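These notes concern the structure reproduced below.
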There are 2 protein chains.
Amino acid sequence: MPLLDHPDAKAFLLHWGEMGTQWGVNRSVSQVHALLYLSHHPLPADEIVEQLGLARSNVSTALKELQGYGIVRRVHVEGDRRDHFLAELDLWEMLTRIVAERKRREIDPTIALLNELAQRMAQDESAPPHVRERITRMHEFMSTLGNWYEQVRVLPKPTLVTLMKLGGKIARFLPGSKDKP
Amino acid sequence: MPLLDHPDAKAFLLHWGEMGTQWGVNRSVSQVHALLYLSHHPLPADEIVEQLGLARSNVSTALKELQGYGIVRRVHVEGDRRDHFLAELDLWEMLTRIVAERKRREIDPTIALLNELAQRMAQDESAPPHVRERITRMHEFMSTLGNWYEQVRVLPKPTLVTLMKLGGKIARFLPGSKDKP
DNA sequence: TATCAATTTCTGTTTTTACCGAAGAAACTG
DNA sequence: CAGTTTCTTCGGTAAAAACAGAAATTGATA
């Protein structure tokens with residue numbers, strides 16, 4: 001019995017699909033992801049095609065994309081020659097992988113470009129000073145964020161969870177703070 | 001002399017425009033933003049039209065959108081009847097506003113939906129247990145992140161900067177850590 | 001290594017989104 | 001209050017993205 005017969009499951013899937021489009025991911029990709037996330041066993045491509053009513057080729061592309069993010073993986077199912085696909089169920093893991101991949105694809109190249117522009121403009125007499133300064137600022141800003149992220153991402157997961165639970169209280173532990181608990 | 005005559009300024013603007021599309025913002029909007037960010041004085045809509053070669057109407061829409069994010073504001077220029085527009089130059093401020101607005105537009109409604117679905121399924125005998133559990137998990141996860149964000153966003157900016165500079169070292173200050181500096 | 005199922009790539013079509021120009025509304029000037 | 005100027009809204013069109021189906025490739029099995 002198809003998973004999506006249940007109206008709430010379907011509602012989730014449709015909403016997830018729309019969310020995707022708002023963040024620059026195509027609807028098929030995010031729908032496939034939603035379906036796999038809700039499924040309790042790995043699904044072969046065919047079944048995804050059936051349940052979502054997408055073209056086979058489309059599903060293939062979506063799966064490849066999701067594997068690129070590292071949030072879906074291929075698994076072998078005993079006695080079946082077809083590939084089956086399984087979504088990452090640990091949501092924290094899922095999030096960190098998506099963020100890591102988007103940084104790699106979009107943020108890192110942007111920082112690289114800004115670096116190049118800033119360096120070239122530093123030598124360039126004809127460059128308007130405001131423009132030079134603002135591009136440099138943007139470069140510094142994004143680099144700072146990037147470096148922060150690289151440091152935080154390697155912290156052990158339990159540490160991250162602790163930090164998350166602390167929320168705003170984290171400020172109390174800062175060196176200069178008079179407001180210890 | 002038009003700002004975009006300089007090739008590096010233009011490169012920035014074009015890249016920024018593409019970045020936008022990748023994150024679900026239309027190209028015109030992000031280009032207008034880039035132009036205002038690089039400009040050292042407020043620009044009237046006409047001039048944006050001229051420099052970017054967009055339709056007047058399009059620029060109007062883009063400006064409205066950017067004002068919706070709170071990263072561009074209208075200013076009055078002495079002796080000119082037209083509205084002029086100015087981009088937020090503090091990049092930290094810019095980022096927090098964008099994040100706040102996207103949360104408001106996309107994350108909050110998602111959490112609301114997940115909440116609704118989770119609640120309904122809790123009563124619903126026909127709901128497959130896996131589905132119920134996974135939707136509930138997703139709801140909890142996003143709520144946790146949302147609450148964390150709400151706490152952190154209200155911290156004073158200097159505190160945030162300190163936290164950012166600490167990077168991974170923040171872990172040293174956690175209660176259980178043996179690894180004090 | 002030949003066969004066949006499964007998967008991916010390619011190409012043309014459909015759907016969606018972005019965008020322009022025209023018309024309307026609002027704000028200001030003399 | 002008539003005439004301008006500026007700004008926004010709307011409907012149609014152009015551009016881009018998503019998608020389906022056919023063709024090609026891969027890879028497992030015997």
Side-chain angles (χ1 to χ4, degrees), chain A residues 13-36 41-69 72-86 105-106, chain B residues 13-36 42-69 72-86 102 105-106:
Chain A
L13 185 133
L14 292 177
H15 184 90
W16 206 244
E18 292 313 309
M19 277 282 282
T21 64
Q22 304 237 285
W23 289 85
V25 177
N26 94 37
R27 187 180 287 107
S28 306
V29 172
S30 43
Q31 283 192 358
V32 169
H33 179 244
L35 178 62
L36 290 173
H41 48 228
L43 298 178
D46 297 345
E47 199 159 328
I48 299 172
V49 168
E50 233 175 276
Q51 297 220 30
L52 297 181
L54 298 172
R56 187 55 239 266
S57 53
N58 217 355
V59 169
S60 174
T61 308
L63 287 168
K64 205 172 153 196
E65 176 75 357
L66 290 166
Q67 284 173 287
Y69 275 106
V72 160
R73 67 177 195 279
R74 255 183 22 202
V75 298
H76 182 71
V77 165
E78 203 68 37
D80 196 331
R81 204 127 99 52
R82 301 171 299 175
D83 293 340
H84 288 60
F85 299 89
L86 190 63
R105 291 188 193 181
E106 290 135 23
Chain B
L13 185 132
L14 292 177
H15 184 91
W16 206 244
E18 292 314 309
M19 278 282 283
T21 65
Q22 305 238 284
W23 290 85
V25 176
N26 95 37
R27 187 179 287 108
S28 305
V29 171
S30 42
Q31 284 193 358
V32 169
H33 179 245
L35 178 62
L36 290 175
L43 298 179
D46 296 345
E47 198 158 328
I48 300 174
V49 167
E50 236 176 89
Q51 298 222 29
L52 297 180
L54 299 172
R56 185 55 239 266
S57 53
N58 214 0
V59 169
S60 176
T61 309
L63 287 169
K64 205 171 153 196
E65 176 77 355
L66 290 167
Q67 285 173 288
Y69 274 105
V72 160
R73 66 175 195 281
R74 258 183 19 202
V75 297
H76 182 70
V77 166
E78 202 69 36
D80 195 332
R81 198 132 103 49
R82 302 171 298 176
D83 293 340
H84 288 60
F85 299 89
L86 191 62
R102 293 210 75 152
R105 291 189 195 180
E106 290 134 23

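The shown structure was predicted, so the numbers you read here are calculated from the model rather than taken from an experiment. So you know, we letter chains A, B, ... as the sequences are listed, proteins then strands, and number each from 1.
As a whole-Å value, the separation of A/L52 CG from D/dA18 P is 16 Å. Between the P atom of D/dT6 and the CZ atom of B/R74 lies a distance of 15 Å, rounded to the nearest Å. For the pair A/E65 CD and C/dT8 C1', the interatomic distance rounds to 15 Å; values are reported in whole Å. Atom pair B/Q22:CD and C/dT17:P shows a separation of 17 Å (rounding to whole Å applied). To the nearest angstrom, C1' of D/dC7 lies 12 Å from CD of B/Q67. Following rounding to the nearest Å, A/F85 (CZ) and C/dT7 (P) show an atom-to-atom distance of 6 Å. If you measure from atom CD of A/E18 to atom C1' of C/dT15, you get 13 Å, rounded to the nearest angstrom. Counting to the nearest Å, the C1' atom of D/dT26 and the CZ atom of A/R82 are 18 Å from each other.
Within 4.0 Å (heavy atoms only), B/G53 reaches sugar-phosphate atoms of the nucleic acid but no base atom. Using a 4.0 Å heavy-atom distance criterion, A/D46 is classed as making no nucleic acid contact. Residue A/L63 is classed as having no contact, given no heavy-atom separation below 4.0 Å to the nucleic acid. No contact: A/G20 has no heavy atom under 4.0 Å from any strand.
Checking the phosphate oxygens (OP1, OP2) of C/dT7, a side-chain nitrogen or oxygen of A/R56 falls inside 4.0 Å. Distances shown here put a side-chain N or O of B/K64 below 4.0 Å from the OP1 or OP2 atom of D/dT9. Phosphate contact (OP1/OP2 of C/dC19, side-chain N/O of B/N26, threshold under 4.0 Å): present. Dashed line: the shortest gap from a side-chain N or O of B/S28 to OP1 or OP2 of C/dC19 is under 4.0 Å. The phosphate of D/dG21 has neither OP1 nor OP2 within less than 4.0 Å of any side-chain N or O from A/S57.
Put simply, the side chain of B/S60 reaches to within 4.5 Å of the side chain of B/R56, judged on heavy atoms. In this structure the side chain of A/R73 never reaches within 4.5 angstrom of the side chain of A/Q67, judged on heavy atoms. Contact check for B/S28 versus B/Q31: no side-chain heavy atoms found under the 4.5 Å cut-off. Residues A/H33 and A/Y69 have side chains not in contact (no heavy-atom distance under 4.5 Å, counting atoms from C-beta outward).
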*Evaluate the side chain to side chain contact (heavy atoms under 4.5 Å, CB included) criterion for residues A/I48 and A/L54: first the C-alpha distance (whole Å), next the side-chain angles of each, then the deciding distance (0.1 Å), finally the verdict.*
CA-CA 8 Å; A/I48 299 172; A/L54 298 172; 5.7 Å; no
_Trace of the side chain to side chain contact (heavy atoms under 4.5 Å, CB included) decision for B/N58 with B/V32_ = CA-CA 10 Å; B/N58 214 0; B/V32 169; over 6 Å; no
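For B/N58, the listed nucleotide lying nearest its side chain is C/dC19; candidates were C/dT7, D/dA20, C/dC19. Among the nucleotides C/dT9, C/dT7, D/dT4, the one closest to the side chain of A/D83 is C/dT7. Of all nucleotides listed (D/dC7, C/dC20, C/dC28), C/dC28 comes nearest to the side chain of B/R81.
Each of A/S60 and A/R27 lies near DNA chain C, and the nucleotide nearest A/S60 is the one positioned closer to the 5' end.
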